[in-house]
Trainee: 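Quick one: the structure is below, and I'll ask about it shortly.
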Amino acid sequence: MFKTIFLKEMKDVLRDRRSITLLIIFPLLMMAGLTFFYDKILTTSDEENFTLAVDEGVDSELISYLEKYMPTLEVEKYQDVQKAVEEKKVQIGIKLDEDWKQRLENEEAIPVKIIFDPGSQDSSNASNIVMAGFNQWQQETVQQRLAGQNMDSSVLEVFQLETKTTKDEENAIASFMLAILIPLLIPMAIANGSYPSATELFAGEKEKKTIEALLITPIKPIKILVAKWMTISLLGIFTGVLCIALLSVFVNFTTELKKGMAVIENPAPFVIMSIVLIVLFAIFFAEVEMILSMMANSVKEAGYYMTPVIGMITLPMLFMFFAGEALSLPLYAVPFMNLFLFVRDAFSGQLTINAFGIAAGSYALLIIILFPVSAKLFGNRRLMLGK
């Protein structure tokens with residue numbers, strides 16, 4: 001009889017077009033769109049050209065210097081350099097005094113005004129190119145001046161700095177993006193995947209007055225509750241695992257984002273632990289949605305209750321900036337946040353079995369605590385029969 005109820009609930013949910021949309025189409029579009037969007041952020045286009053604006057009166061010698069030290073920039077003359085930058089005709093502009101050449105020959109400092117838009121990514125990138133170009137020009141000029149005075153340029157070198165990174169820089173940036181992408185999308189997919197069934201199997205049946213017929217059947221209410229709970233949980237687990245699978249596939253088609261996966265030395269344990277946490281989170285969140293749906297008298301009312309809870313999934317990402325980057329085992333006991341910590345620490349190479357055990361144990365404990373609450377609510381006939 002339990003199997004019959006479970007299959008009946010699954011069929012009822014899957015007949016709803018909303019379920020198919022949130023179970024398959026939504027994760028597919030969401031994972032594909034955001035995966036390639038994040039990859040686009042990391043990808044630096046070699047074909048991207050920036051334009052540098054200079055005053056109309058500048059001589060050709062200055063332009064030749066600019067083209068020498070800033071070969072990736074296209075130099076154009078404008079009557080009003082600042083206006084050209086403000087109107088987005090160019091990405092960056094520079095202004096030098098007319099006596100720049102005389103100052104250069106007299107070994108005097110040459111004032112240079114760099115005009116760019118800090119709110120524009122292109123303009124900021126162009127400013128970095130200009131700064132690097134002027135630094136190179138300055139270094140070569142200083143070396144020429146020292147050579148003219150029979151001085152070795154090494155007298156200006158006090159320290160010989162050498163940097164050594166703990167991991168590949170490109171891989172580190174890509175892994176950071178994945179550490180944000182994965183824990184943000186998968187819980188959202190789980191919550192949205194189980195949302196239609198959670199609202200329909202309790203608030204929906206109360207609204208349609210079909211819950212009464214189900215409660216008077218010669219079946220223990222606890223079996224009905226567990227069958228509904230399993231239905232909601234399985235749909236959430238399906239969307240969570242589907243997101244992991246889609247992410248694994250889509251990442252392989254990216255140019256930069258896939259480099260982040262190289263940071264994880266043992267991907268198999270990471271995938272296994274991820275699936276375990278997905279299963280436990282889906283079961284836990286199904287209970288939360290189930291309780292909220294039982295308290296509502298209609299699908300619309302249940303949506304009002306669940307929407308803020310689903311929105312709370314993104315809050316841990318804000319607290320992550322204040323939590324520090326070191327491994328913090330107590331925070332693994334906090335729901336939602338432990339998913340972010342798990343992925344972040346996995347990509348930073350500091351995830352431990354103890355951290356995973358605390359995260360899994362906290363969800364198991366919450367599941368055990370919430371089940372009697374949901375059972376008591378489901379046993380309340382006045383609440384379940386609705387208005």
Side-chain angles (χ1 to χ4, degrees), residues 40-174 176-177 255-256 321:
K40 182 64 176 178
I41 294 176
L42 294 175
T43 303
T44 55
S45 176
D46 295 332
E47 300 178 355
E48 192 171 21
N49 296 320
F50 298 128
T51 305
L52 170 65
V54 295
D55 286 320
E56 285 185 344
V58 301
D59 52 59
S60 58
E61 187 175 357
L62 175 60
I63 293 179
S64 64
Y65 272 114
L66 296 176
E67 291 176 345
K68 175 184 177 181
Y69 294 105
M70 307 166 201
T72 58
L73 297 181
E74 182 180 352
V75 182
E76 292 185 1
K77 295 181 179 181
Y78 284 88
Q79 186 176 3
D80 190 335
V81 174
Q82 182 164 340
K83 186 177 180 181
V85 176
E86 291 175 350
E87 294 179 352
K88 310 296 182 182
K89 295 179 180 178
V90 297
Q91 287 75 39
I92 191 166
I94 61 170
K95 300 187 73 172
L96 282 77
D97 291 342
E98 294 181 358
D99 61 344
W100 70 270
K101 188 176 180 180
Q102 184 178 355
R103 285 175 175 269
L104 183 64
E105 293 174 351
N106 295 336
E107 299 184 359
E108 299 177 2
I110 304 171
V112 180
K113 182 181 293 184
I114 301 175
I115 304 169
F116 73 102
D117 181 4
S120 169
Q121 184 66 40
D122 289 343
S123 188
S124 298
N125 291 338
S127 70
N128 293 332
I129 297 174
V130 171
M131 293 292 292
F134 274 110
N135 286 333
Q136 184 182 355
W137 187 359
Q138 179 174 265
Q139 290 174 4
E140 292 185 8
T141 303
V142 170
Q143 290 177 358
Q144 292 173 3
R145 291 176 179 177
L146 291 174
Q149 299 179 14
N150 297 321
M151 293 181 62
D152 191 347
S153 61
S154 62
V155 299
L156 299 178
E157 188 176 7
V158 180
F159 301 104
Q160 289 185 338
L161 302 179
E162 180 182 357
T163 59
K164 183 178 181 182
T165 59
T166 57
K167 61 182 71 172
D168 185 88
E169 186 176 354
E170 292 185 355
N171 293 356
I173 296 174
F176 174 76
M177 300 297 282
T255 55
E256 297 293 328
F321 293 100

Trainee: Could you state the interatomic distance from CD (Gln138) to CE (Met131), rounded to the nearest 0.5 Å?
Mentor: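 Output value for this atom pair is 9.5 Å.
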Trainee: Closest approach of Asp59 and Leu62, non-hydrogen atoms and distance?
Mentor: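 Smallest interatomic distance, heavy atoms only, reads OD1-N, 2.9 Å.
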Trainee: Please name all residues satisfying salt bridge (Lys or Arg N to Asp or Glu O under 4.0 Å) with Asp99, sequence neighbours left out, ordered by chain then number.
Mentor: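 Asp99 satisfies salt bridge (Lys or Arg N to Asp or Glu O under 4.0 Å) with Arg103 only.
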Trainee: Taking only residues two or more places apart in sequence or in another chain, which ones pass side chain to side chain donor-acceptor pair (under 3.5 Å) with Glu74?
Mentor: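 By the side chain to side chain donor-acceptor pair (under 3.5 Å) rule, Glu74 matches no residue at all.
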Trainee: Rounded to the nearest 0.5 Å, how far does CD of Gln136 lie from OG1 of Thr141?
Mentor: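 Those atoms lie 10.0 Å apart.
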Trainee: Going through the distances and angles, do Tyr78 and Val54 end up as a side chain to side chain contact (heavy atoms under 4.5 Å, CB included)?
Mentor: CA-CA 6 Å; Tyr78 284 88; Val54 295; over 6 Å; no
Trainee: Looking only at heavy atoms, which two atoms of Glu76 and Thr51 are closest? And how far apart?
Mentor: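 Closest pair (atom of Glu76, atom of Thr51, distance): CD-CG2, 3.7 Å.
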Trainee: Can you check whether Leu66 reaches Leu73 side chain to side chain, under 4.5 Å on heavy atoms?
Mentor: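 No, their side chains stay 4.5 Å or more apart.
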Trainee: Kindly give the heavy-atom pair with the smallest separation between Met70 and Val130, and that separation in Å.
Mentor: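 Taking every non-hydrogen atom into account, CE-O, 3.7 Å.
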Trainee: So Val58 and Leu96, do their side chains get closer than 4.5 Å, heavy atoms only?
Mentor: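 No - every pair of side-chain heavy atoms lies 4.5 Å or more apart.
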Trainee: Taking only residues two or more places apart in sequence, or in another chain, which ones meet Gln102 in a side chain to side chain donor-acceptor pair (under 3.5 Å)?
Mentor: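 Residues passing side chain to side chain donor-acceptor pair (under 3.5 Å) with Gln102: none at all.
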Trainee: Please give me the minimum heavy-atom distance between Ile63 and Lys77, naming the atom from each residue.
Mentor: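 Closest approach of Ile63 to Lys77, heavy atoms only: CD1-CE, 3.4 Å.
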Trainee: Considering only heavy atoms from C-beta outward, does the side chain of Asp122 approach that of Phe50 to under 4.5 Å?
Mentor: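 Of all side-chain heavy-atom pairs linking Phe50 with Asp122, at least one is under 4.5 Å.
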Trainee: Could you pull out the closest heavy-atom pair between Trp100 and Ile110, with the gap in Å?
Mentor: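 Residues Trp100 and Ile110, closest heavy atoms: O-CD1, 3.5 Å.
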Trainee: Is a side-chain donor-acceptor pair under 3.5 Å present for Gln82 with Glu86?
Mentor: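 Side chains of Glu86 and Gln82: pair found under 3.5 Å.
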Trainee: Quick one: side chain to side chain donor-acceptor pair (under 3.5 Å) partners of Glu87, sequence neighbours excluded?
Mentor: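 Only Lys89 meet the side chain to side chain donor-acceptor pair (under 3.5 Å) criterion with Glu87.
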Trainee: Any side-chain hydrogen bond (donor to acceptor under 3.5 Å, both in side chains) involving residues 60-69? Give me the pairs, sequence neighbours left out, ordered by first then second residue.
Mentor: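 Of all non-adjacent pairs touching residues 60-69, those that pass side-chain hydrogen bond (donor to acceptor under 3.5 Å, both in side chains) are Glu61-Lys101, Tyr69-Glu140.
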Trainee: Provide the full list of side-chain hydrogen bond (donor to acceptor under 3.5 Å, both in side chains) pairs with a residue in residues 106-117, sequence neighbours left out, each pair given once.
Mentor: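 For residues 106-117: Lys88-Asp117.
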Trainee: Heavy atoms only: give me the nearest Val85-Ile92 pair and the separation to one decimal.
Mentor: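 Nearest heavy atoms, Val85 then Ile92: CG2-C, 3.8 Å.
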Trainee: For Ile94 and Val81, run side chain to side chain contact (heavy atoms under 4.5 Å, CB included): C-alpha distance rounded to whole Å, both residues' side-chain angles, the deciding distance at 0.1 Å, then the answer.
Mentor: CA-CA 7 Å; Ile94 61 170; Val81 174; over 6 Å; no
Trainee: Quick one: pull up CZ in Phe116 and CG in Asn128 and give me the separation to the nearest 0.5 Å.
Mentor: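 Output value for this atom pair is 8.0 Å.
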